[in-house]
Asker: 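Shown below is the structure under consideration.
Just so we're on the same page: letters track the sequence lines, and every chain starts at 1.
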2 protein chains.
Amino acid sequence: MSLREEILEVSKELLIKEGFSKLSMRRIAERADVSATSIYLYFKNKDDLLLALIEESIENLKASLMEVVDASKGFLMQLEDMARAYIEYALNHPQEYEIIYMVRPEEMPKYPKEKFMNIRSGYELLADIIREGHDQEQIDVEDALINAYTLWAQLHGVVSVILNKRLDTRIPQQQFIEQALENIIRGFVMQKTQA
Amino acid sequence: MSLREEILEVSKELLIKEGFSKLSMRRIAERADVSATSIYLYFKNKDDLLLALIEESIENLKASLMEVVDASKGFLMQLEDMARAYIEYALNHPQEYEIIYMVRPEEMPKYPKEKFMNIRSGYELLADIIREGHDQEQIDVEDALINAYTLWAQLHGVVSVILNKRLDTRIPQQQFIEQALENIIRGFVMQKTQA
DNA sequence: ATGAGAGGTTAACACTGTTAAGTTAACAAT
DNA sequence: ATTGTTAACTTAACAGTGTTAACCTCTCAT
């Protein structure tokens, strides 16, 4: 394993075990048994390293979503499956999920915004399913891509509130998730009474 | 103006002008023309100071929501008004909004989680409106408080995606907001065909 | 006048990301 | 076989961070 890979591996371990706030260059270096400056031989700076971690997390998230795609199911079912898969991934891999949204593009202008758009194919995947629903006149949407983004945003909001521990203690997490899923999905279903 | 107020004032200025990442104790101190350690006479630590800023932001956010409450309007209209007011506040005061969700309770265990729940009355406000809709059998909800949280979470997701600059450049922001609002609101409307 | 306390300061510690300069080893060319 | 070059790595240092301990200085009540 190259040192670059070693650094990435160790960084990921550290991220998962100790969280984003403990992820410092010197700690990574220590764990990898090299000097901190060696990291700069393989990454321009910390943001560059984080970006590599982010991309990996995005790949994992996308893979999780891909797994539940099953064209034989109805699209409503697929929509719900994907929504559940999204939430599940986020809650099961909190650090890996959060790092995706933690690092802010505006704070690292060196990188093209495109880098952060790697997740794009994930949206396309969602857009495809939404389009399918529209074709079968069971989902009431105009622009599938925009709706994919709104769906994604709503899901992100749900997991974000949970991960940031902003949920009222009076509210059971699972019930919150179920209610949110219900409301979100219903927001996409065609209202035939209006048509 | 007491030094404590002065520090808060200066901190808020610095936060708005230069953003969260530039908000350091020494910079605050410099702007307030005192030594950095003086801040510790009035705040236990940086988190304590941030918490004061957060509380102020929450008050402002709540006030913005209160402003649009108008019982004479239909609750669906009220719901939309509040949702718009939420998004508007977040986009018009990005730093003040973000700080609310930026600081993480788990990273400052010294403070009771209750502190972060000051926003609770905002949820109650929302819950009241939702309850009203339920009473008039125009909104399909079981537990109003849970639904207030899911609504809030969805709105947070929408503004979060925008503020974090994660929106695809192909997608016009305003169109995204309108579509999201439509989907979110519809998620709460009763589907009479099912009843 | 003296003691106490409020309200501030300076110096320092242990961190952080990052850079410049130096070292060391491997390998190619003369 | 001795150079020169390059890659891979290290040490030392800079500027910045949050935070604490120790100190000063002024005001005011006894």
Asker: Figure out the CD1/C1' separation between Ile39(B) and dG18(D), and round it to whole Å.
Answerer: 10 Å
Asker: Gln154(B) side chain to Val158(A) main-chain N or O, any donor-acceptor pair under 3.5 Å?
Answerer: no
Asker: Expressed in angstrom and rounded to an integer, what is the separation of Glu18(A) atom CD from dC15(C) atom C1'?
Answerer: 15 Å
Asker: Are any of Tyr42(B)'s side-chain N or O atoms less than 4.0 Å away from OP1 or OP2 of dG8(C)?
Answerer: yes
Asker: When you look at CE of Met66(B), are more than 12 heavy atoms from neighbouring residues, nucleotides or ligands closer to it than 6.0 Å?
Answerer: yes
Asker: Over how many whole Å does the gap from Asn45(B) atom CG to dA14(C) atom C1' extend?
Answerer: 17 Å
Asker: Checking all strands, does Ser24(A) fall into the base, sugar-phosphate, or nothing category for heavy-atom contacts under 4.0 angstrom?
Answerer: sugar-phosphate
Asker: Would the number of heavy atoms belonging to other residues, nucleotides or ligands and lying under 6.0 Å from CD of Glu30(B) be above 12?
Answerer: no
Asker: How close or far is atom P of dA12(C) from atom CE of Met25(B), stated in whole angstroms?
Answerer: 21 Å
Asker: Could you check how far OH of Tyr40(B) sits from C1' of dA12(C), rounded to whole Å?
Answerer: 14 Å
Asker: Want to settle it: does Ser38(A) or Arg26(A) sit nearer the 5' end of DNA chain D, counting the closest nucleotide to each?
Answerer: Ser38(A)
Asker: Roughly how many Å is it from CD in Glu6(B) to C1' in dG8(C), rounded to a whole number?
Answerer: 15 Å
Asker: Taking for each residue the nucleotide of DNA chain C with the nearest heavy atom, is it Lys22(A) or Thr37(A) whose nucleotide lies nearer the 5' end?
Answerer: Lys22(A)
Asker: Atom CD of Glu30(A) and atom C1' of dT10(D): how far apart are they, to the nearest Å?
Answerer: 16 Å
Asker: Please state how far atom CZ in Arg27(A) lies from atom P in dT18(C), giving the value in whole angstrom units.
Answerer: 17 Å
Asker: To the nearest 0.5 angstrom, please state how far the CG atom of Leu155(A) sits from the OG atom of Ser160(A).
Answerer: 12.0 Å
Asker: Touch check for Phe43(B), heavy atoms < 4.0 angstrom, all strands: base, sugar-phosphate only, or nothing?
Answerer: nothing
Asker: Within the 4.0 Å heavy-atom criterion, would you say Arg4(A) contacts the bases, only the backbone, or no part of the nucleic acid?
Answerer: nothing
Asker: Judged by each residue's nearest nucleotide on DNA chain D, which is more toward the 5′ side, Leu23(B) or Val34(A)?
Answerer: Val34(A)
Asker: Identify which nucleotide among dG7(C), dG18(D), dT18(C) has an atom closest to any side-chain atom of Lys46(B), counting heavy atoms from C-beta outward.
Answerer: dG18(D)
Asker: Are the side chain of Lys62(A) and the backbone of Leu125(A) linked by a donor-acceptor contact shorter than 3.5 Å?
Answerer: no
